[in-house]
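To start, the structure under review is shown below, and the notes come after it.
From a predicted model like this one, the values you see are computed outputs, not experimental measurements. First the proteins, then the strands, lettered A, B, ... as listed; each starts at 1.
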Amino acid sequence: MSTLAQEFSKGIFKENPIFRLLLGMCPTLAVSITAINGFGMGVAALFVLLGSNLVIAALRNFIPSKVRIPAYILIIATFVTIVDMVLNAFTPDLHKALGIFIPLIVVNCIILGRAEAFARKNSVARSVIDALGMGVGFTLSLTILGIIRELFGKGSIFGVGVMGSAFEPMGILATAPGAFITLGIMLGFVNFMFKRLGIE
Amino acid sequence: MRNALRMALTLLIIGAICGGLLSVVNGITAPIIKDRADQQFLQALEGFFPDVAKFEVQDINGEEFYSCYDAAGKFMGVVGKVKAKGYGGDIAYDLAVNDTGDIIGMRIGAHNETPGIGDVINKDPFLQKIIGLKFTDPISAGVDVDTTSGATVSTGGMISSIRRVMNVIGENFLGMEVEKAEIDLTKVADGTYTGKARGFKSDITVQVVVSGGKITQIEIVSHDDTPGISDNAIKGMIPKIIEAQSLEVDMVSGATLTSQGIVNAVFEALK
């Protein structure tokens with residue numbers, strides 16, 4: 001059995017949901033326009049993942065396996081709705097920028113995937129660590145994509161201009177094709193690094 | 001069987017707990033969200049009343065009116081979010097009227113008026129004509145406010161709508177008497193009367209026959225309104241007025257200006 005530290009780090013490196021598992025591509029491509037949007041989306045998903053993994057692991061002996069999927073969806077949808085309401089109340093700008101992709105966290109395959117593949121077979125403590133690792137991995141990856149796209153697409157990072165006035169923004173990076181291009185380059189880079197370091 | 005029951009119960013319990021949790025969170029966040037929406041609207045109202053600190057919404061016939069108050073709670077005026085009939089459909093606009101019944105601002109919102117023609121309603125020369133008008137002014141196309149030639153439908157629609165909104169605001173918020181086109185028929189001697197009032201394009205002339213204190217016949221002597229559209233108004237309004245023996249009747253939709261013109265002409269004839 002792997003240690004808790006390994007459980008945490010797998011979500012960031014070996015089983016990074018975006019760069020290794022290629023899960024949750026829809027919000028990834030759509031909201032990584034700026035660093036802050038990517039970060040916000042990541043944290044929202046992290047919170048939902050944490051809550052759903054915790055509750056599902058705690059109830060794993062209580063929920064009959066035949067109705068586990070509707071039960072998981074209920075639990076996940078509850079956390080997503082809470083996130084939606086809290087973001088709307090306290091960070092209206094971020095809520096507006098993320099828009100429909102907050103409610104759509106319900107069907108984000110990372111979250112149901114972790115519930116099905118991990119939380120229902122593991123203890124609460126392990127499930128929480130797993131959720132933290134996966135959530136941080138998702139947040140980091142989204143933020144990296146957001147930084148790249150914002151830096152070259154708009155000439156700023158987290159809304160702060162860094163490229164100077166002579167810089168001509170590459171508008172395509174802020175659009176949907178730019179999301180695919182950036183993600184593709186990042187996937188290639190990550191795969192290359194993993195080969196280089198001999199991790200498989 | 002026992003299994004099915006257990007499954008259903010499990011889902012029921014989870015659903016109930018989730019629902020309860022959501023209503024708690026909603027109880028906390030909903031007032032904050034509403035406060036902010038109000039705050040944003042307050043900023044929009046500040047464009048008309050810079051000192052506005054509080055507002056109240058009132059719905060009158062499907063249109064929203066916002067009474068504005070300053071920090072001391074003094075009534076400052078009303079902003080109506082209202083609609084006019086234009087050439088390309090409804091023109092949404094905000095009309096701000098202060099506590100003495102003067103128009104202090106107008107903001108045109110969504111409209112489908114022809115660019116370069118009907119959109120004069122959103123340009124300064126037209127807006128300047130409107131701002132400063134008083135409740136007691138006639139606010140009538142061709143009387144105290146000129147329509148813009150080439151865009152009579154858009155500007156005329158706006159002017160008659162502003163008169164209507166002014167009446168609503170005056171009556172409901174400012175305690176103003178709205179002059180109603182009402183006639184005391186018992187004081188009208190028998191006979192045939194002729195009256196004239198502005199319809200949609202120009203004057204409508206009517207001949208009204210009164211006998212035994214009753215309107216018995218109304219005839220349109222001449223009019224210049226759109227054939228096919230104004231016909232509905234003529235066919236609809238005359239029996240309505242005769243049946244009600246009153247000028248307080250509903251307008252024929254799609255031909256409100258002609259309908260109003262007929263009512264006004266009958267009023268002119270009998271007054």
- A:F79 portion near chain B, given a 4.5 angstrom heavy-atom threshold: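 No part of it gets close to chain B.
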What heavy-atom pair brings [X] and [Y] nearest, and what distance separates the two atoms?
X     : Y     : result
B:R36 : A:A89 : NH1-O, 3.3 Å
A:A71 : B:I14 : CB-CD1, 3.8 Å
B:R6  : A:N61 : NH2-O, 4.0 Å
B:T10 : A:I63 : CG2-CA, 4.1 Å

- Answer with side chain, backbone, both or neither: which region of B:L21 has an atom nearer than 4.5 Å to a non-hydrogen atom of chain A?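 The answer is the side chain of B:L21.
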Is it true that, when you exclude [X] itself, more than 12 heavy atoms of the residues, nucleotides or ligands shown sit nearer than 6.0 Å to its [atom1]?
X      : atom1 : value
A:F180 : CZ    : no
A:K66  : NZ    : no
B:F135 : CZ    : yes
A:F152 : CZ    : no
B:K34  : NZ    : no
A:F13  : CZ    : no
A:F189 : CZ    : no
B:F65  : CZ    : yes

How far does [atom1] of [X] sit from [atom2] of [Y], to the nearest 0.5 angstrom?
X     : Y     : atom1 : atom2 : result
B:C18 : A:I73 : SG    : CD1   : 11.5 Å
B:I17 : A:L59 : CD1   : CG    : 8.0 Å
B:L11 : A:L74 : CG    : CG    : 6.5 Å

- Could you walk me through whether B:T29 and A:N88 pass the side-chain contact (heavy atoms from CB on, under 4.5 Å) test, one step at a time? CA-CA 8 Å; B:T29 55; A:N88 193 359; over 6 Å; no
- Side chains of A:M85 and B:L22 in contact at under 4.5 Å (non-hydrogen atoms): yes
